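Let me begin by presenting the structure, written as structure tokens, before commenting on it.
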Amino acid sequence: MSPSKKIITLVTILVSFFLFSCGVSSTELEVGGEDGWVVPNSNKTHGDMFNQWASHNRFKVGDTIRFKYKKDSVLVVSEDEYKECKASKPQLYSNNQDTVFKLDRPGLFYFISGVSGHCEKGQKMIIKVMETESSPDSPPPSSSFSSLPASTHKKSSALKTAVQFTSSGFVVLIVSVLVWH
């Protein structure tokens, strides 16, 4: 390999490491910990169970939350619908027993159970997503629910997975390895 190709490869590898270190970091948390998205046992002692759980976590744009439940559902609703425990027009609805929701903007998100009576028993939650330092010109992505295959599920009381990724950096690294050989 010529000296100029080695220099180009070395610079490409250094740029790749820089891109990886400046990657996007996000966290996935499992709502309610090991218990999951369940109806609290007692309104007196657990009526605010999910808001207490949420208050012990810091959420930022790009984080995801996972709802695990059986014979239930998750709705994203307005503040008024949250207070009334009634959703005539939920922003999003999911009942697939393992729902992943991406927090795509700063501000408040309101969640309730869609099963009659569950919200009134305390199966509801408010999440506050903190502002992040980003370009003011960048448009916010849209909210999304998704379902992941069972093989990707992880067992943890508060699943926190730090994810660093930069697709362009990964491509540059692969190209560097191929050029080096």
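The chain is numbered in sequence order, starting from 1. On a predicted model such as this, the values are computed, not experimentally measured, just so you know.
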What's the separation between atom [atom1] in [X] and atom [atom2] in [Y], rounded to the nearest 0.5 Å?
{"X": "Ile126", "Y": "Ser55", "atom1": "CD1", "atom2": "OG", "value": "11.0 Å"}
{"X": "Cys85", "Y": "Leu75", "atom1": "SG", "atom2": "CG", "value": "11.0 Å"}
{"X": "Ser78", "Y": "Lys89", "atom1": "OG", "atom2": "NZ", "value": "11.0 Å"}

Legend entry - Under the side chain to side chain contact (heavy atoms under 4.5 Å, CB included) test, residues paired with Ala54 that sit two or more places apart: Phe59, Met125, Ile127
Is there a side-chain contact between [X] and [Y] in this structure, where contact means two heavy atoms from C-beta onward sitting under 4.5 Å apart?
{"X": "Tyr110", "Y": "Val76", "value": "no"}
{"X": "Leu29", "Y": "Trp53", "value": "yes"}
{"X": "Asp98", "Y": "Arg66", "value": "yes"}

Inset, instruction - State yes or no: are the ring centers of Phe111 and Phe67 separated by less than 6.0 Å? - result: yes
Legend entry - Lys128 versus Leu108, closest heavy-atom pair with distance: CB-CD2, 3.7 Å
Legend entry - For the student: nearest non-hydrogen atoms of Val115 and Ser73, plus distance: N-OG, 3.9 Å
Legend entry - Residues that Asp35 engages under side-chain hydrogen bond (donor to acceptor under 3.5 Å, both in side chains), provided they are two or more places apart: none
Legend entry - Partner set under side-chain hydrogen bond (donor to acceptor under 3.5 Å, both in side chains) for Tyr82, not counting sequence neighbours: Asn51
Are the side chain of [X] and the backbone of [Y] linked by a donor-acceptor contact shorter than 3.5 Å?
{"X": "His118", "Y": "Gly114", "answer": "no"}
{"X": "Tyr69", "Y": "Asn96", "answer": "yes"}
{"X": "Glu30", "Y": "Ile65", "answer": "no"}
{"X": "Gln123", "Y": "Trp37", "answer": "yes"}
{"X": "Glu84", "Y": "Glu81", "answer": "no"}

Legend entry - Lys60 with Asp63: basic N within carboxylate O range, under 4.0 Å: yes
Legend entry - Modelled atom types, side-chain donor and acceptor of Asp72 and Gln97, under 3.5 Å: no
Legend entry - Same apolar cluster: Val39 and Val74, side chain cutoff 4.5 Å: no
